Amino acid sequence: MDSVGGYVSGPAAATEPRRLALEHVASASAIVLVEGVTDQIAVETLATRCGRDLAGDRVVVAPMGGAHAIGTFLQAIADRDAPATVVGGLCDRGEAAVFRSALARAGFGSLRSDADLEAIGFFVCDADLEAELIRAAGPALVMSLIDDHGELGSFRSLQQQTVWRSRPVEEQLHRFFRAKARRMHRYARVLTETVALDRMPRPLLGVLGLEHPVRGR
């Protein structure tokens, strides 16, 4: 229950996904840059749910290990021997300026707004993908899923903590998910498998080209 099959966990989780992602960039025909493994899981889960064969299409969802690594990945993409590739991505609201600056330095043009980012295939989550998924599902469904996974008692304990007792339930759920990396990974998959497609967060749909085509330079 504390791991998500197919994804790195344990001590290597902080570095191994980034290393593998940089390796895979070399042969990809399209690359989706995301901040971490939680985002990767959600993107890949939605792709599978919608019948997209990312591996067959040589699309790599690359967890960078944080927004500030985007320059390293853009340079790796620029250094490829292969023809130019399609690039898109997801970022948190607080990291949008980091993405805009790095993309501008890499030659993607002047990017002043979310709309400018979307025009080149990058989508901003408010405040992050976990918050987007909680909002899309609604607190009742999220708590039902937590109960299904035997963790409702743990969530109720968090709700009773002084610092969280008076906070909105959406914030409590967000904190609960982010308290443990493996928990974030698990519920990223569970929520993406469960939320109705017509309620799926727009950035998640957009980065897969299900709302707008993912475009490159």
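Positions are given from 1 along the sequence. As the structure is a computational prediction, the values presented were derived from the model and not from experiment.
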If we only count heavy atoms from C-beta on, is the [X] to [Y] side-chain gap below 4.5 Å?
{"X": "Val169", "Y": "Gln159", "answer": "yes"}
{"X": "Pro203", "Y": "Leu129", "answer": "no"}
{"X": "Leu46", "Y": "Leu197", "answer": "yes"}
{"X": "Leu74", "Y": "Leu33", "answer": "yes"}
{"X": "Leu173", "Y": "Glu170", "answer": "no"}
{"X": "Thr85", "Y": "Val87", "answer": "yes"}
{"X": "Asp148", "Y": "Leu145", "answer": "yes"}
{"X": "Pro201", "Y": "Asp126", "answer": "no"}

What's the separation between atom [atom1] in [X] and atom [atom2] in [Y], rounded to the nearest 0.5 Å?
{"X": "Leu90", "Y": "Asp128", "atom1": "CG", "atom2": "CG", "value": "11.0 Å"}
{"X": "Arg178", "Y": "Thr38", "atom1": "CZ", "atom2": "OG1", "value": "7.5 Å"}
{"X": "His24", "Y": "Ile31", "atom1": "NE2", "atom2": "CD1", "value": "11.5 Å"}
{"X": "Leu141", "Y": "Leu133", "atom1": "CG", "atom2": "CG", "value": "11.0 Å"}
{"X": "Leu191", "Y": "Thr45", "atom1": "CG", "atom2": "OG1", "value": "10.5 Å"}
{"X": "Ser101", "Y": "Glu95", "atom1": "OG", "atom2": "CD", "value": "11.0 Å"}

Could you tell me which non-hydrogen atom of [X] sits nearest to which non-hydrogen atom of [Y], and how far apart they are?
{"X": "Gly121", "Y": "Val207", "answer": "O-CG2, 4.2 Å"}
{"X": "Arg18", "Y": "Ala69", "answer": "NH1-CB, 3.0 Å"}
{"X": "Arg100", "Y": "Leu111", "answer": "CD-O, 2.9 Å"}
{"X": "Glu35", "Y": "Asp92", "answer": "OE2-N, 2.6 Å"}
{"X": "Phe73", "Y": "Pro63", "answer": "CZ-O, 4.1 Å"}
{"X": "Ala42", "Y": "Thr192", "answer": "O-CG2, 3.5 Å"}

Salt bridge (charged side-chain N to carboxylate O under 4.0 Å, His left out) evaluation trace for Arg186 with Glu151: CA-CA 12 Å; Arg186 179 165 65 252; Glu151 292 197 296; 2.8 Å; yes
Do Ile70 and Leu117 land in one hydrophobic cluster if side-chain heavy atoms of ILVMFWY residues count as linked below 4.5 Å?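 Yes, Ile70 connects to Leu117 through the hydrophobic network.
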In terms of hydrophobic clustering (I, L, V, M, F, W, Y; side-chain heavy atoms under 4.5 Å; direct or indirect links), are Leu208 and Val60 co-clustered?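 Different clusters.
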I'd like to know if the side chain of [X] reaches the main chain of [Y], judged simply by a donor and an acceptor atom lying under 3.5 Å from each other, with no hydrogens or angles considered.
{"X": "Arg80", "Y": "Ala28", "answer": "yes"}
{"X": "Ser144", "Y": "Ala140", "answer": "no"}
{"X": "Asp57", "Y": "Leu54", "answer": "no"}
{"X": "Glu132", "Y": "Ala127", "answer": "no"}
{"X": "Asp116", "Y": "Arg112", "answer": "yes"}
{"X": "Arg58", "Y": "Ala30", "answer": "no"}

Can you run down the ring pair (Phe, Tyr, Trp, His ring centres under 6.0 Å) pairs that involve residues 158-182, sequence neighbours left out, and say none if there aren't any?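 Ring pair (Phe, Tyr, Trp, His ring centres under 6.0 Å) check on residues 158-182 returns Phe155-Phe176, Phe177-Tyr187.
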Is it true that [X] and [Y] have a side-chain N and a carboxylate O under 4.0 angstrom from each other?
{"X": "Asp114", "Y": "Arg93", "result": "yes"}
{"X": "Glu118", "Y": "Arg202", "result": "yes"}
{"X": "Glu44", "Y": "Arg189", "result": "no"}

Verify the distance criterion only: is there a donor paired with an acceptor across the side chains of Arg175 and Gln172 at less than 3.5 Å?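 No.
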Partner set under side-chain hydrogen bond (donor to acceptor under 3.5 Å, both in side chains) for Glu193, not counting sequence neighbours: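 Once residues adjacent in sequence are excluded, Glu193 has no partner under the side-chain hydrogen bond (donor to acceptor under 3.5 Å, both in side chains) criterion.
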Given Gln40 and Val43, is the side-chain contact (heavy atoms from CB on, under 4.5 Å) satisfied, shown in steps? CA-CA 5 Å; Gln40 178 192 13; Val43 172; over 6 Å; no
With side-chain contact (heavy atoms from CB on, under 4.5 Å) as the criterion, how do Thr162 and Arg165 come out once you've worked through the C-alpha distance, each side chain's angles and the decisive distance to 0.1 Å? CA-CA 5 Å; Thr162 302; Arg165 192 175 299 157; 3.8 Å; yes
